[in-house]
Every structure is written in C-alpha cells, then in structure tokens.
2 protein chains.
Amino acid sequence: MSSEADLVLLNSALTQLMRRLRDVDELQGVGRARLSALAVLRFGGACSASELAEREMVSRATMHHVLGGLEHDGLIRRNPDPEDARRHIITLTSRGRATIERAHRARITYLREVAADIAPGRLRSACEVLDRMRDVANRGAH
Amino acid sequence: MSSEADLVLLNSALTQLMRRLRDVDELQGVGRARLSALAVLRFGGACSASELAEREMVSRATMHHVLGGLEHDGLIRRNPDPEDARRHIITLTSRGRATIERAHRARITYLREVAADIAPGRLRSACEVLDRMRDVANRGAH
DNA sequence: CCATATTGTTAGCATTGCTAACAATAAGCT
DNA sequence: AGCTTATTGTTAGCAATGCTAACAATATGG
C-alpha cells in the first residue's frame, strides 16, 4: 500500500543518484562493463569467462570483449583450466584488485559525503529498505 | 557519522536495483539514451537540441544521434525556431509522449511490486532519505 | 563411437558516448 | 557598416558495450 508519489520520487532519486555514481566511476579511467566485471571477480571469486558472463547477465561474446580489454590493460589473467581444456579461469592481477578496490572506496566515500547530514538511524533504515527491495527484485529476476 | 557497512550495502542495493529497472526499461523497445531524452522532454518541456544535450550532460554530437533515432521512429519532431534560424525546437509527438508515459508507468509498477512488503512509513522515510541524497549530489554536480 | 552440449572465439551489426572539424547564423564591438 | 567571436547543428571517425550467428575444440552421455 505504497503512495504513488513516494514511488515516483524514489524512481527519480534512484536514477539521478546512480548517474552521480557513474560520474565517480568514470574518474577511474576504466569503463563500466570492465569495472563491473572486476567487481564480480573481486567479490564473487575467480571463475570461467562463461560463468562471468552469466553472473553479469551478458552474452559470452560481450564478456569476451570486456575480458580482452581487461587483459590488455593488465587487470586480469586468463589461466588455462587443468581440468577442462576449453575453459580459462579468470583471475585478478594485483593491479586489477587495486583498481576495483580503489573504485569501490571512491563510491563509498562519495556516498558518505552525500549522506553526511542524514541521521544515522534514518540512513540505516533506508539501507535496509533498499536491501530488502533488491532482494525481492533479484528473486524475480532469475 | 554513517556506518561503513550501511554504505557498502547501500551501494550494492542501489546498483542492483538500478539494473532491474534497466531490465524493465528494455521491455519498451527503446534504448536508454532515447528513453532518457524522452523523459527530459516530457517532464522538462520542449527545448533546443543543445539545451537537451546540456540537461542530459552529453555532447551535442551524441544528442544529435539520439534525436536522429527518435525522429526516425516518429517519437519527436524537430521544428525550426522562428526566432533563431540555427535552432530547432524539439517536441514530443503523441506517440513519443505515450511511449515515455508507458515506460514511466512500468517503472513505478515494478517499484510498487518490489516494495510491496515494506511498511508504508519506512518506505516513505527511505524515499525522503534518497531524495535528500540526490539533492546534495546534484548540488555538487553543477 | 557417435550425438549433443559447452566454451571460447570471431564476424558483423546497433546504440551510446567522445572529439574535431565545418557551415550557417547570431551577437557584440569598433 | 563591417569584422570578430560565439553558438547551433551537423558530419566524420573513433571507442566501448551490447547483441546474434556461426565455428572449432573439447566434454559428456548414450
């Protein structure tokens, strides 16, 4: 039983906040898809290119291109899988890990600045609400 | 004085929720940049191509391409400005207006579903928090 | 052993973004 | 008036991110 006006406000706030986070990301000099792939590797662990494509909900061909760029920039390595000659296990290089951690820090720092004048209790409640919404949304997305 | 863990959670929830909203957008059969341009025209009013580019924080060349696609699909019109022969005033066609309103409805409907089990008071508070954060972020972005 | 599936790869396309250049037009200054 | 400068739309050309369709190499299941 949520108010229409609340949801409209939420939609535009989400959209514009996300745009600002994109601006923060762009300062890293690594594209969105590449940064996102690094994040999946960092927080989800090493895996094959196909599995990475699946986690990112992107085609294998697209992930192949993204990984090509990341490898060219020395942020990942493609290691042959000893148990399956078709596969490559994708791992972060130390530069790759440093890059994604720096980008993550930049986002958190930015969010802290932007939330500076929000009462801690209200902020926490809002985070819980969004986390719950994310959960419900992801449940439906599979 | 915001907790690190809250902000980390907020970042991932924002990112993933936004991805779901993108999925909803894609069902409209109109690309992101085009949908966004339609939204600016619908909720900000008719304006020139350059002004549209500025509002979307995108180059004139990029906006020119986006408008080309929208015009080709019959969603906007480029009308010569009687007061300035260089300019075109961009207006929505009725199909363009219908398209952006349908897309907006789809987003709101989706958010309502995803927030179905959140208590109205908590949801409202969360919306206010995000609205405030958006305000602060946009203040810094100009 | 043979059919089928999976994995990575390539080719080719569309969309979204950029910068650099250009012509037409407007605006400002002397 | 004329001359310079700024703005507007446009084009060309590039890069990144996405797609599908096809292919070879390899696994897997009968």
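Lettering of chains follows the sequences in order, A, B, ..., and the numbering in each one begins at 1.
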Could you tell me the separation between the CZ atom of B:R87 and the C1' atom of D:dA6, rounded to a whole number of Å? 12 Å
In whole angstroms, how far is the P atom of C:dT16 from the NE2 atom of B:H72? 14 Å
Are any of the side-chain nitrogens in A:E51 or A:R55 under 4.0 Å away from the carboxylate oxygens of its partner? yes
Considering all heavy atoms, the nearest B:E56-B:S36 contact: OE2-OG, 2.6 Å
Side chain of A:H65 (C-beta onward), nearest among C:dA26, C:dG12, C:dT16: C:dG12
Contact nearer the 5' end of DNA chain C, comparing B:V66 with A:I89: A:I89
If you check the B:H88 side chain, which of D:dT8, C:dG17, D:dT10 turns out closest? D:dT10
With respect to the side chain of B:R86, which nucleotide from C:dA24, D:dT26, C:dT16 is positioned closest? C:dA24
Report the distance from atom CZ of A:R78 to atom P of C:dG8, rounded to the nearest whole Å. 9 Å
Is B:E101 atom CD crowded by more than 12 heavy atoms from other residues, nucleotides or ligands, each under 6.0 Å away? yes
Distance in angstrom units between B:L52 CG and C:dT16 P, rounded: 13 Å
For B:R34 and C:dT15, is the shortest distance between a side-chain N/O and OP1 or OP2 below 4.0 Å? yes
Report which part of the nucleic acid B:R60 touches: base, sugar-phosphate, or nothing (heavy-atom distance under 4.0 Å, all strands). base
How do A:S50 and A:R32 order along DNA chain C: which one's closest nucleotide is nearer the 5' end? A:S50
Quick one: do the A:R107 and B:T15 side chains pair a donor with an acceptor below 3.5 Å? yes
So, is A:S59 close to the D:dG18 phosphate, meaning a side-chain N or O under 4.0 Å from OP1 or OP2? no
If you compare every side-chain N and O of B:T62 against the phosphate oxygens of C:dT16 (OP1, OP2), does one of them come in below 4.0 Å? no
Which whole-number value in Å describes the distance from B:L35 CG to C:dA14 P? 21 Å
Between B:D84 (CG) and C:dA27 (C1'), how many Å, whole number? 10 Å
Tell me which nucleotide among C:dG17, D:dA12, C:dA11 gets nearest to the side chain of A:A61. C:dA11
Lys/Arg-Asp/Glu bridge criterion (N-O < 4.0 Å) met for A:D73, A:R95: no
Return the value, rounded to whole Å, for the distance between atom CD of A:E26 and atom C1' of D:dA16. 11 Å
Mind calculating the distance between CE (A:M63) and P (C:dT7) to the nearest angstrom? 14 Å
Any side-chain N or O of B:H64 below 4.0 angstrom from OP1/OP2 of D:dT10? yes
